[in-house]
Amino acid sequence: MTLVDVLLPLPLEGKFTYILPPALAIDVRVGSRVIVPFGAKRQYTAIVTAIKEEDVDDLKKLKEVIAVHPDPAPAVTPDQLTLWTWIADYYLCTEGDVLRAALPAPLLHPALRKRPRSKRKADAQGESTTLPPTLTPAQQQAADALREAWTRRPVALLHGVTSSGKTEIYIHLALDAIAQGRQVLYLVPEIALTTQLSDRLRRVFGERLGVYHSRCTDVQRADIWLRQLSDQPYDIILGVRSSVFLPFQRLGLVIIDEEHENTYKQQDPAPRYHARDVAVVVAHHAHARVLLGTATPSLESYHNALTGKYSLVNLKERWGAVLMPVIEIVDIRDLRRKHRMSGSFSPRLLGALRETLERGEQAILFQNRRGYAPMMECPVCGWVPRCAKCDVSLTYHRRLGQLVCHYCGTAYRLPDACPACGETHLKPLGLGTERIEEELHALLPEARTARLDLDTTQARDAYEHILDDFACHRTDILIGTQMVSKGLDFAHVSVVGIMNADTMLNYPDFRSHERAYQLMAQVAGRCGRRDRQGLVILQTKTADMPVVAHVRHYDYPTFYTEQTDERQLFGYPPFTRLIFIYLRGRDERRLTDASHLFRSRLDTLFNPTRVLGPEAPAVARVSGLSIRKLMLKLEPSYSPSVARSQLRQLLHDLNAEGALSGLTIHFDADPM
Ligand SMILES: [Zn+2]
Ligand SMILES: [Zn+2]
């Protein structure tokens, strides 16, 4: 009898076996999409992972495959199945989780449907008429160094200063790979970056370019997936995180732009994978080369480059010989004491903005908090409005007249008076982008401003409109969160203001200084013109922090050395591998008991020196669920696969004992 093992798009461990009726057998191969019954009445599209001939004693135990999707080729390649197994194992989730993240929704529809139709013409392989950009001598040198580096190691890190023209280098290397008959995967961390970039790439690669991100419709995504399996696949795919799951037939090069970006890591739901790291694995399986590019490398990648795992290529010259901006540190603690601040603006920053406007140039203001103020407080009794469902204070959004929880999204009306003492004037504390814009309107009424943050970019195309207005100089000053730090290039920006570095620097996380360095160096890199050196005003109350000086001097190597010394001392990545274990539940006592039990079992398995916690994380309750966190720190010699099977077994045992009932548990491997 012919049986098939299938993978279901459900968070369940293992594969499920079905009988393959002889009438369907001819169409089924490993990787085929089949429809199977599961549970009482439900049907799912599942992926065949194995076909086998076996005698079955009790036929009643097995159900039959209902139908086979009429795909011209299996929808999932054997390489992809291998990858999914690796991801599920490494990131401690199920292969069903990976399947759901990987396959576009229409391909998982549990009924036979007409295949999503391509809107493309038959001659879609047509050439583009534009030549690739000419490289400057510095770019050419970097490109040649990368080609040479790949003869020694498959992964190379391109550490190129901001505005050095890394994209042009990527284009040339992508053309190399395509000329050799190979395909290219070009990863960017956010949808935001694909808009500017896809136009640029389209000019070079024409119809050979596919763009894959979450704003594509599901049908478009399915279309790209199937085309990748056809005899006319795209030569180059530009995509965000999830494009690492696409099938490739002859992948030759993976470009990972802004490799340091933490948005490459999926936080929720499972699989909690890091697209950069998965892409390196994908490339390894395909014998492809990898190019990691950034002006501010992650400590992990730079460590890999310095220890010889990756090659390192430096590009220290900005395109067009534009100078790096001058970074001035302004100590706002001192200025506040002397009452010399105008709201959040130091005299130096305000003066620089005035001059910028007078010269007809543009500026960017960066503050990594959206809303008006991160907290409201009663000035009389100290009452602070908090979310009813989460353990956080509420952010005031003035334009909406609302208090909003940034963790669960619940909005509350701003009370007319303090419910504790009746005081009618609640005081905003801290600084959000909305407040900066309001202060700016009062201080520089002639300035045309725009705000770029999560609140202003909800509407479709809003992001593009805001950037387009700024690029065409219909606005003078762009105020924004980390969104303004992303590799955007504007010709007329001569001043960047970092409004307050302290919230980033004081965030309680071992990566906070790394992130602060990256954000500040990246946002600083947005300015600089050919005819005038750019100016960055960095406002901080902690001007004496070493990281501030390293940002000022663009001294990444010293920053790296200091940070890695500290990480080594305290046992953090890249010197250990971290696995976080989160327990969530409504019942505090049960949660506390379970997390202590978890800890004691971890101690037995791993030795107490490798275990930390349980602790309540910085935000210890979200959406009504309390959270506890345990941390495993594993030295490089500790086998990751052994650790993973120990954890799986532990979870299995605790579940079997009923110790985790009413709780949800998840693992986060290599957390960001
Ligand atoms: Zn009060
Ligand atoms: Zn909340």
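Just so it is clear, the model here is predicted, and its values are computed rather than measured. Whatever order the structure lists ligands and atoms in, that order sets their numbers, starting from 1. Both backbone and side-chain heavy atoms feed into the values below; hydrogens, waters and symmetry mates do not.
Less than 2.8 Å away from the Zn ion (ligand 2), the protein contributes these N/O/S atoms: Cys387 SG, Cys390 SG, Cys405 SG, Cys408 SG. Note on the Zn ion (ligand 1): protein N/O/S atoms under 2.8 Å are Cys378 SG, Cys381 SG, Cys418 SG, Cys421 SG.
Remark: Arg276 does not engage Glu261 in a salt bridge, criterion side-chain N to carboxylate O under 4.0 Å. Of the charged side-chain nitrogens involved, none lies within less than 4.0 Å of a carboxylate oxygen, so that Arg599 and Glu615 do not count as a salt-bridged pair. Ion pairing of Glu438 with Arg399 is absent here, as no side-chain N (NZ or NE/NH1/NH2) approaches a carboxylate O to less than 4.0 Å.
A cation-pi arrangement is found for Arg221 relative to Tyr212, the charged atom lying closer than 6.0 Å to the ring centre and inside a 45° cone about the ring normal. A cation-pi arrangement is not found for Arg515 relative to Tyr507, the charged atom failing to lie both closer than 6.0 Å to the ring centre and inside a 45° cone about the ring normal.
For residues 426-435, the side-chain hydrogen bond (donor to acceptor under 3.5 Å, both in side chains) pairs, not counting sequence neighbours, are Thr433-Asp453. Listed by first and then second residue, the ring pair (Phe, Tyr, Trp, His ring centres under 6.0 Å) pairs involving residues 648-672 are Tyr582-His666 (not counting sequence neighbours).
Ring geometry, Tyr517 versus Phe559: the interplanar angle falls under 30°, so the pair is classed parallel (tilted spans 30 to 60°).
Under a cut-off of 6.0 angstrom, the local environment of NZ in Lys389 is sparse, with at most 12 non-hydrogen atoms contributed by other residues, nucleotides or ligands.
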